[in-house]
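Please read the structure below before turning to the comments.
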Amino acid sequence: MALVRVRYAPSPTGAPHVGNIRTALFNWLFARHHGGSFIVRIEDTDQERLVPGALEAILEGLRWLGLDWDEGPEVGGPYGPYIQSERQGLYRQEAERLVAQGHAYRCYCSPQTLAQMREEQARRQEPPRYDRRCRELSAGERARREAAGERWVVRFQTPLAGQTPFDDLIRGQVVFDNATLDDFVLLKSDGYPTYHLANVVDDHAMRISHVMRADEWLASTPRHVLLYAALGWEPPQFAHLPMILGPDRAKLSKRHGATSILEYRDKGYLPEAMTNFMALLGWSLDDKTELLDREELTRHFSLERIGKTGAIFNLEKLDWMNGVYIRKLPPAELAQRLLPFLERPEQEGGLPEAVARPLDRAYLGRIVPLIQERLKTLAEAPALVDFFFLNLPYEPSLLLGKRLSPEAARAGLERAQVVLKGLVAFEAEALEGVLRPLAETLGLKAGDFFGLLRVAVTGRAVAPPLFQTMAALGRARCRERLEAAIKKLGPA
RNA sequence: GGCGCAUUCGUCUAGCGGCCAAGGACGCCGCCCUCUCAAGGCGGAGAUCACGGGUUCGAAUCCCGUAUGCGCUACCA
């Protein structure tokens with residue numbers, strides 16, 4: 001394929017959600033697959049909807065996922081600037097050119113006039129659309145209204161008849177009757193272009209070869225095709241991606257609590273899992289492969305294998321996949337990634353404030369292997385490891401489990417104390433070597449005895465395997481906690 | 001309302017005319033492993049392929065219609 005140049009063109013109206021960032025991913029994968037360029041362009045032409053910090057969130061989201069861009073904010077490039085508000089002159093120039101060439105015209109209708117127009121159309125059960133009343137104004141009339149200081153917009157002069165067909169790389173040929181299109185606005189009264197104009201002007205100026213965007217843009221595409229023709233430009237190839245839906249199958253939005261991609265980061269999802277998962281929302285390799293790393297994804301990615309139907313974001317499957325990726329990590333790497341989640345303030349989900357920061361790296365290194373296969377997200381770690389750092393409070397009855405008498409429990413703990421004191425190597429294997437026989441000596445079922453020790457040593461009925469846990473905790477902590485447990489059981 | 005797009009297990013999907021009385025994954029259920037929880041292994045339930053007509057020797061796959069869903073229909077993107 002000749003020179004692939006694709007772009008991700010978000011609007012800084014908030015932090016990007018998964019649907020949004022999935023579009024970025026597909027563009028990135030397509031560019032990397034073909035050895036082309038991935039460009040980021042910021043479409044900030046709606047001054048009213050700008051959200052402070054949104055641009056940073058967008059770029060941060062891309063960085064987190066490792067979607068590096070060849071041209072765009074921060075890195076620049078030969079077709080910059082890459083922020084539309086800094087390219088105003090270009091749009092105005094093209095809009096004026098269209099007016100001069102008879103492909104567009106100034107419209108003086110006020111928002112109120114338009115609202116009223118729509119109201120009347122609705123009353124008459126007509127489709128709401130601009131009635132083109134400014135399309136055929138005389139030169140004198142225009143001069144008069146402009147002299148009167150009336151504000152205007154530039155509207156595209158849509159052909160009244162005919163059809164506009166185009167080939168979508170995913171949908172095939174799509175045809176629209178021009179009669180169903182209205183004279184859409186190109187340049188707003190504040191001088192900013194609308195999406196339609198800015199998009200077309202920039203995609204051309206930036207030599208974009210393929211426009212890959214969400215399906216919601218399909219209905220706008222004939223306008224763009226018409227615009228390219230009026231401007232005398234060759235349109236790029238279009239590929240409309242299936243959308244990501246909320247649980248109610250509607251377009252993902254704030255209503256669904258559309259989570260920012262950065263929230264997934266903060267909730268402890270791995271970028272590699274997130275990437276794999278999002279790639280599978282609308283794309284698939286075959287009938288069984290689900291786990292693909294970034295390299296495999298870019299190697300195999302192709303438009304032909306993109307589906308046509310919208311997909312609901314299935315959080316449970318993401319959890320599973322994240323767990324898979326967590327288990328694949330080398331323990332040292334996992335420990336490293338866990339650190340921020342463990343050390344952040346308790347209020348933000350970190351370990352209790354009573355635990356001193358920074359954490360003992362070596363100690364953590366012994367703990368991590370014990371929780372690796374038990375994590376679905378990094379954020380779950382604090383709840384799984386807190387007892388390694390703190391003596392947790394618990395009810396004495398927890399020690400007894402289902403069928404232990406206080407006497408048996410006490411005896412068990414006391415005998416364990418003795419055995420642990422004399423143990424030479426305080427390691428998992430050695431611990432099992434003395435404790436398992438001890439259960440028998442005591443006449444207790446292994447499960448009951450180990451359960452008792454687990455509660456005594458961790459404060460929980462559920463924890464990683466006992467002997468490894470004890471080994472990680474170390475002799476001193478274990479004996480101290482055993483002692484405390486005996487006290488909890490009260491006098492014999 | 002108009003226009004457009006779509007329609008395979010609850011969800012993500014495979015399937016591009018015969019290999020499909022539909023395969024995989026998540027989730028769910030059961031069993032195994034087992035000191036708890038996980039992880040892992042094995043098995044199971046779960047889709048008359050939206051519906052109705054065609055075309056064809058043969059259709060989930062092609063065509064038409066209907067229904068449903070979604071999108072667009074802004075001086076929002």
Original post:
Within the structure shown, what part of the strands sits under 4.0 Å from A/Arg213 by heavy-atom distance: base, sugar-phosphate, or nothing?
Top reply: nothing

**OP:** Measure from the side-chain heavy atoms of A/Asn314 and tell me the nearest of B/G10, B/C3, B/C75.
**Re:** B/G10

**OP:** Could I get the full list of side-chain contact (heavy atoms from CB on, under 4.5 Å) partners for A/Glu316, not counting sequence neighbours?
**Re:** A/Asn314

Please write out each protein N/O paired with an N/O of nucleotides 5-8 of chain B under 3.5 Å, distance rounded to 0.1 Å.
unit_1 : atom_1 : unit_2   : atom_2 : d
B/C5   : O2'    : A/Arg171 : NH1    : 3.0

**OP:** Kindly say whether, by distance alone, the side chain of A/Thr180 makes a donor-acceptor pair under 3.5 Å with the base of B/C3?
**Re:** no

**OP:** Taking only the side-chain nitrogens and oxygens of A/Arg436, find out if one of them lies under 4.0 Å from OP1 or OP2 of B/U34.
**Re:** no

**OP:** Tell me what A/Met321 touches on the nucleic acid: a base, only sugar-phosphate, or nothing, going by heavy atoms under 4.0 Å.
**Re:** nothing

**OP:** Classify the nucleic acid contact of A/Arg49 as base, sugar-phosphate or nothing, counting any heavy atom under 4.0 Å across all strands shown.
**Re:** base

Original post:
Does A/Asp182 come within less than 4.0 Å of A/Arg155, counting only side-chain N to carboxylate O?
Top reply: no

Show every donor-acceptor pair shorter than 3.5 Å between a side-chain atom in residues 174-181 of chain A and any protein atom, with sequence neighbours excluded, or say none if there are none.
unit_1   : atom_1 : unit_2   : atom_2 : d
A/Asp177 : OD1    : A/Gln163 : NE2    : 3.0
A/Asn178 : ND2    : A/Thr164 : OG1    : 2.6
A/Thr180 : OG1    : A/Asp177 : O      : 2.7

Original post:
Where do A/Tyr192 and A/Tyr91 land on the ring pair (Phe, Tyr, Trp, His ring centres under 6.0 Å) test, with the steps shown first?
Top reply: CA-CA 8 Å; A/Tyr192 278 89; A/Tyr91 313 122; 8.9 Å; no

**OP:** Might you work through the side chain to side chain contact (heavy atoms under 4.5 Å, CB included) test for A/Thr259 and A/Lys267, ending with a clear yes or no?
**Re:** CA-CA 11 Å; A/Thr259 330; A/Lys267 283 179 178 168; 4.1 Å; yes

